Amino acid sequence: MENIDIARMFEDVAALLEIQGANPFRIRAYQNAARTIESHTTPLRKLVTEGAKLTDLPGVGKDIAGYITELVETGELGLFKELTEKVPPSLIELTRLPGVGAKKTKKLWEELGIETIDGLERAANAGEVADLEGFGAKSQQKILEGIAAHRRRQARFRISDADQYVEPLIAYMKEEKAVERIEVAGSYRRRRETVGDIDILAIASEPGQVMQRFTSYPDVSRVELAGDTKGTVVLRSGLQVDLRILPPQSYGAALQYFTGSKEHNVKLRKRAVARDLRVSEYGVFLTGGEEEAAAADPYAGEFVAGWEEGEVYEAVELAWMAPELREDRGEIEAAERGQLPDLITLDDIRGDLQMHSTWSDGKHSIEEMLDGCVERGYEYFAVTDHSKALAMTGGLDAAKLRDQWVEIEEIASRRPEIRVLRSMEVDILADGGLDLEDEMLAQLDVVLVSVHSKFDLPATKQTERILKAIQHPAVHILAHPTGRLINRRDPMEFDLDEVLQCAAECDVIVELNAHPERLDLRDTHLMRARELGLKVVISTDAHRVADLGLMRYGVDQARRAWLGRDDVVNTYPLEKLLTIFDK
DNA sequence: GCCGTTTTCGGCCCGACTGTTTTCAGTCG
């Protein structure tokens, strides 16, 4: 029972309560708890075993703490069973269809006996939905479209894929003269590893022209809505894009508002309320306790701030903070204490410690990779071709590795402007052994180990396997520790926390693999690693020169994990780096 | 259901758009 499973269970409980028309604040309590749990860095099952006080977690009180314990100890939740005796659990999925919430789900179920998406589709096709009070022909059509979209919906878009859609769209929008400023907000600006949709914010004196331009974008497959200030389109790729248009004095407030996260904003607004302020996308206003006025006029009250984002934070007595931090993981409290982290930036990176060459499955030679690293201003890089167990990649055995060292020696003698580190991405074998002789390992400047096979071992075996590997005295770095591929392969089942603790004891560095398909470790894992005092290396795992540019995705992820320069070893100058590898 | 530099009770963030509405509910972010 991982944190994510516990969080899902509470989300489902919230959905079931909502369908039953329970107290909205009770519903929110479960949603809040789910959120806390999902992003908590320590596995709750450990806290339960250790008898820690779960009620110390924000949003977790006596009841929910009890439910967590029950879930961890029995794997089940009595409350969920009780709820599903009254409401079929398949209705939860219905509430997740666009345009269908709890109320409509309830109505569909009670009036038409609909319990599943298939059942809803049949009823809609038969025209039964349109006859229901509160529904109509358009709702029915929307539901059918929603079902179709739900079926073909791919998972969320990887951030690197979103980049490919967003950059040309923004360039296109900027050609419209009425656009005074334009910015992408939302999870894209927070640089999450995946995004569900894209939130764009534009400042314009002539909103109509801007909306017109937006909905006419050639890559738009359909326009979902197009009002005066708010529009939604779906691109051919299926990526949804929202546009909000606001006046100039609201630019900062709107950027703050639409960057989110939602949870961060909720907390910010509570702070505002405590100061008799109202924060909305239009600005920060002095309320004077007249809430009704605001409902009629979003500009009611004295305008205090809004032109720039920093003003909004200033109005609630906080320092501006990087979007990557805005997940309500303690950043507001840190800002309160004046202790916001000094985040790593791309400019801090001095080298790249995982890449492949034509010696194994890379597309470019060592020297071509060297040129790419020099171009990026690096001081050093490691050549980390695969070991022999990965036959399909042309992995190297001891003899070939020696040959490679000869080539490295020769290149290094001609190219003193950068240090080439002798390395290898050594496979962790099924029994936890390493795929290279000790005598060879000892001669490498830096040793990476990683799992590339038998991802489906039972969790305890998998954990033992990795623990054994990182306890080998020659090992410096555990590469892509969980093995996940975003949207393609789940992380391996093993006890990551135990591995991290062991790595801390053995002075093993954990990798943040910057490849946007991996981003492994993920942000919450990295936060945990930092708590344990571990060092991190951000590496691109480049297989061609262009891949060296993926470093930015790793840095984004590191920033989301609150990492600073000191936490990341490839920000260190060469000398300092080498002392770490000399263990 | 959670929470507390006013509080153990009474609050809990704010606004836009759509569709089916004759004045607003539901949904979404």
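Bear in mind that the values here come from a model prediction, so they are computed numbers and not experimental data. Labels below follow one simple rule: chain letters A, B, ... track the order of the sequence lines, proteins then strands, and each chain is numbered from 1. Because only heavy atoms are used, hydrogens play no part in the values below, and waters and symmetry mates are left out as well, while side chains stay in.
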Residue pair A:E331 / A:H264, side-chain donor-acceptor N/O under 3.5 Å: yes

So, with a heavy-atom separation below 4.0 Å from DNA chain B, the residues of residues 66-86 of chain A are none

- Message: Quick check on B:dC13: is either OP1 or OP2 less than 4.0 Å from any side-chain nitrogen or oxygen of A:R28?
- Response: yes

The correct set of residues in residues 7-22 of chain A placing a heavy atom under 4.0 Å from DNA chain B is none

Should A:R278 be listed as having a side-chain N or O under 4.0 Å from OP1 or OP2 of B:dG15? yes

When rounded to whole Å, the CD to C1' distance for the pair A:E263 and B:dC12 reads 15 Å

By side chain to side chain contact (heavy atoms under 4.5 Å, CB included), A:V266 pairs with (sequence neighbours left out) A:K270

Check whether any side-chain nitrogen or oxygen of A:S139 sits under 4.0 Å from OP1 or OP2 of B:dT20, and answer yes or no.
yes

Item to complete: Classify the nucleic acid contact of A:A226 as base, sugar-phosphate or nothing, counting any heavy atom under 4.0 Å across all strands shown.
Response: sugar-phosphate

Among B:dC14, B:dC12, B:dC17, the one nearest any side-chain atom of A:L225 is B:dC17

message = If you compare every side-chain N and O of A:T232 against the phosphate oxygens of B:dT18 (OP1, OP2), does one of them come in below 4.0 Å?
response = no

Regarding A:D328 and A:K267, does a basic nitrogen lie under 4.0 Å from an acidic carboxylate oxygen? yes

**Asked** Are A:Q240 and A:E224 linked by a side-chain donor-acceptor pair shorter than 3.5 Å?
**Response** no

Inset, instruction - Using the C1' atom as the reference point in each nucleotide, state the distance between B:dC12 and B:dT8 in Å, no decimals. - result: 16 Å

With sequence neighbours left out, the residues meeting side chain to side chain donor-acceptor pair (under 3.5 Å) with A:T194 are A:R156

When both distances are under 3.5 Å in a Watson-Crick or G-U wobble arrangement, the nucleotide paired with B:dG11 is B:dC2

| request: Taking atom C1' in both B:dT20 and B:dT27, compute the distance separating them and give it to the nearest angstrom. | output: 14 Å

Using a heavy-atom cut-off of 4.0 Å across all strands, would you classify A:A254 as base, sugar-phosphate, or nothing? nothing

Trace of the side chain to side chain donor-acceptor pair (under 3.5 Å) decision for A:N265 with A:Q256: CA-CA 8 Å; A:N265 286 356; A:Q256 194 288 318; 2.9 Å; yes

message = Students often get this wrong, so: under 4.0 angstrom with heavy atoms, is A:N32 touching a base, only sugar-phosphate, or nothing?
response = nothing

Those residues at least two apart in sequence (or on a different chain) that pass side chain to side chain contact (heavy atoms under 4.5 Å, CB included) with A:S160 are A:R158, A:P516, A:Y553

Within residues 318-333 of chain A, those residues having any heavy atom closer than 4.0 Å to DNA chain B are none

Residues pairing under side-chain hydrogen bond (donor to acceptor under 3.5 Å, both in side chains) where one sits in residues 55-80 of chain A, two or more places apart or in two chains, turn out to be A:E76-A:K81

The complete set of salt bridge (charged side-chain N to carboxylate O under 4.0 Å, His left out) pairs with one or both residues in residues 304-322 of chain A, sequence neighbours excluded, reads A:R181-A:E308, A:R189-A:E309, A:R275-A:E317, A:E309-A:R326

Q: If the plane angle is over 60° it's perpendicular, under 30° parallel, otherwise tilted; pick one for A:F285 and A:F303.
A: perpendicular

### Task
Flag this pair as yes if the NZ/CZ of A:K104 is under 6.0 angstrom from the six-membered ring centre of A:F135 and inside a 45 degree cone about the axis; otherwise no.
yes

Closest to the side chain of A:Y30, out of B:dG1, B:dA16, B:dC14, is B:dG1

Practice prompt. Have a look at A:K270 and say if it touches a base, only the backbone sugar-phosphate, or nothing, with a 4.0 Å heavy-atom cut-off.
Written response: sugar-phosphate

Exercise. When you compare B:dG11 with B:dA16, how far apart are their C1' atoms, in angstrom units rounded to a whole number?
Worked result: 26 Å

Letter by letter from the 5' end, nucleotides 21-29 of chain B scores (B base, S sugar-phosphate only, - none; protein heavy atoms under 4.0 Å) -----SSSB

Check: Is it the case that A:R191 places NZ or CZ above or below the six-membered ring of A:Y188, under 6.0 angstrom from the centre and within 45 degrees of the axis?
Finding: yes

Please test A:D497 against A:Q501 for side chain to side chain donor-acceptor pair (under 3.5 Å), starting from the C-alpha separation and ending with a verdict.
CA-CA 6 Å; A:D497 209 64; A:Q501 292 191 33; 3.0 Å; yes

Across all chains, not counting sequence neighbours, the ring-ring contact (aromatic ring centres under 6.0 Å, His included) partners of A:Y172 are A:Y217

Can you name the atoms? Protein N/O to nucleotides 3-5 of chain B N/O, anything below 3.5 Å, with the distance.
{"unit_1": "B:dC3", "atom_1": "OP1", "unit_2": "A:G59", "atom_2": "N", "d": "2.8"}

Donor-acceptor pairs are to be reported for all side-chain atoms of residues 244-252 of chain A against protein atoms at under 3.5 Å, with residues two or more places apart or in another chain.
{"unit_1": "A:R244", "atom_1": "NH2", "unit_2": "A:E281", "atom_2": "OE2", "d": "3.1"}
{"unit_1": "A:S250", "atom_1": "OG", "unit_2": "A:Y282", "atom_2": "O", "d": "2.7"}
{"unit_1": "A:Y251", "atom_1": "OH", "unit_2": "A:E183", "atom_2": "OE1", "d": "3.0"}

